[in-house]
Amino acid sequence: MSDSTSAKENFMREAIRLSIDKMKEGKGGPFGAVVVKDGQIIARGFNNVTSSHDPTAHAEVDAIRKACQALGTFQLTGCELYTSCEPCPMCLGAIYWARPDKVYYGNTKADAAAIGFDDAFIYEELEKPMHSRELPMEQLLHQEALEGFKEWEKLEGRTEY
């Protein structure tokens with residue numbers, strides 16, 4: 001086993017440890033994540049949905065938020081994310097926005113579904129046209145809302161992302 005493989009496995013073991021320890025502490029579901037930069041863990045995250053009363057408090061989102069704070073940036077270029085489970089649709093979106101170089105995961109979404117964490121519904125909903133989704137959505141005040149976008153386009157010195 002190479003040192004690189006050994007290091008990757010150790011980072012994944014830390015994500016797994018977080019998933020178990022924080023779950024046992026009553027923080028939330030069995031999910032953990034770490035963000036690594038230059039061979040060092042810079043942030044640890046864990047699922048704390050139930051303890052924080054925040055449906056977005058998934059392990060990956062928690063780790064991304066902490067890593068960005070530690071680095072003083074909103075993007076994780078040059079970083080890797082290790083997560084104990086294949087990311088759900090929300091976390092996958094956050095990961096793409098954060099732009100890490102690579103993601104490693106332990107359990108699959110099928111493994112999560114087998115214990116009651118089934119995100120298949122959301123994946124299926126995303127494939128449907130807006131009018132066919134379970135959650136009704138209706139567009140309002142489109143022209144007024146576009147004003148914010150027009151102002152953004154004119155804003156000098158804006159930070160692109």
Side-chain angles (χ1 to χ4, degrees), residues 1-130 132-135 152 157-161:
M1 180 182 320
S2 73
D3 288 340
S4 172
T5 301
S6 178
K8 289 176 185 176
E9 289 174 355
N10 287 335
F11 296 139
M12 182 58 75
R13 284 187 182 103
E14 178 62 6
I16 294 166
R17 183 195 67 75
L18 285 165
S19 76
I20 295 167
D21 289 355
K22 297 303 180 179
M23 174 200 55
K24 287 182 176 180
E25 289 175 18
K27 300 292 184 185
F31 305 96
V34 297
V35 176
V36 174
K37 184 172 178 73
D38 300 325
Q40 299 293 319
I41 294 175
I42 60 165
R44 290 170 170 80
F46 55 90
N47 180 291
N48 57 88
V49 168
T50 57
S51 62
S52 67
H53 309 289
D54 179 355
T56 69
H58 288 202
E60 298 91 336
V61 172
D62 188 38
I64 288 168
R65 288 174 177 160
K66 290 172 179 173
C68 288
Q69 287 296 309
L71 295 173
T73 184
F74 57 88
Q75 294 185 341
L76 298 178
T77 306
C79 297
E80 297 174 332
L81 175 70
Y82 293 77
T83 178
S84 64
C85 187
E86 182 178 357
C88 75
M90 177 187 71
C91 291
L92 189 58
I95 290 165
Y96 271 97
W97 281 116
R99 294 174 173 83
D101 292 354
K102 189 165 186 176
V103 176
Y104 298 90
Y105 64 92
N107 294 313
T108 66
K109 60 186 175 185
D111 296 329
I115 62 165
F117 293 93
D118 190 0
D119 304 321
F121 169 75
I122 299 171
Y123 283 109
E124 291 166 7
E125 284 289 289
L126 291 172
E127 294 295 318
K128 295 178 183 177
M130 192 84 69
S132 298
R133 294 181 183 169
E134 293 293 318
L135 179 63
W152 170 258
R158 70 178 179 253
T159 303
E160 299 286 344
Y161 60 98

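Side chains are part of it too, since the values below use all heavy atoms of this structure and drop only hydrogens, waters and symmetry mates.
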Look at the side chain of [X] and the backbone N and O of [Y], then say whether any donor-acceptor pair between them is shorter than 3.5 Å.
X      : Y      : value
Glu125 : Glu134 : yes
Ser132 : Lys128 : no
Asp111 : Thr108 : yes
Asp101 : Gly78  : yes
Glu86  : Lys109 : yes

Euclidean distance, [Y] [atom2] relative to [X] [atom1], rounded to 0.5 Å:
X      : Y      : atom1 : atom2 : result
Tyr104 : Leu81  : OH    : CG    : 11.0 Å
Leu135 : Met130 : CG    : CE    : 10.0 Å
Asp119 : Cys91  : CG    : SG    : 8.5 Å
Gln75  : Thr159 : CD    : OG1   : 10.0 Å
Ser84  : Asn107 : OG    : CG    : 6.5 Å
Lys8   : Lys102 : NZ    : NZ    : 5.0 Å

Hey, are the side chains of [X] and [Y] touching, using non-hydrogen atoms and a 4.5 Å cut-off?
X     : Y     : value
Asn47 : Pro30 : no
Tyr82 : Arg13 : no
Ile95 : Ile64 : yes
Lys37 : Cys79 : yes

Which heavy atom in Gly26 sits nearest to a heavy atom in Ser51, and how many Å separate them?
O-CB, 3.9 Å
Over all heavy atoms of both residues, which pair between Ala112 and Cys85 is shortest? Give the atoms and the distance, please.
CB-SG, 3.9 Å
So the salt bridge (Lys or Arg N to Asp or Glu O under 4.0 Å) pairs with at least one residue in residues 56-67 (sequence neighbours excluded) are Asp62-Lys66
Excluding sequence neighbours, so at least two apart, what forms salt bridge (charged side-chain N to carboxylate O under 4.0 Å, His left out) with Arg17?
Glu14, Asp21
For residues 19-48, which residue pairs qualify under ring-ring contact (aromatic ring centres under 6.0 Å, His included), counting only residues two or more places apart or in two chains?
Phe31-Phe117
Please test Asn48 against Lys22 for side-chain contact (heavy atoms from CB on, under 4.5 Å), starting from the C-alpha separation and ending with a verdict.
CA-CA 8 Å; Asn48 57 88; Lys22 297 303 180 179; over 6 Å; no
Checking ring-ring contact (aromatic ring centres under 6.0 Å, His included) for the pair Phe74/Tyr161: CA distance, chi angles, key distance, verdict?
CA-CA 9 Å; Phe74 57 88; Tyr161 60 98; 5.8 Å; yes
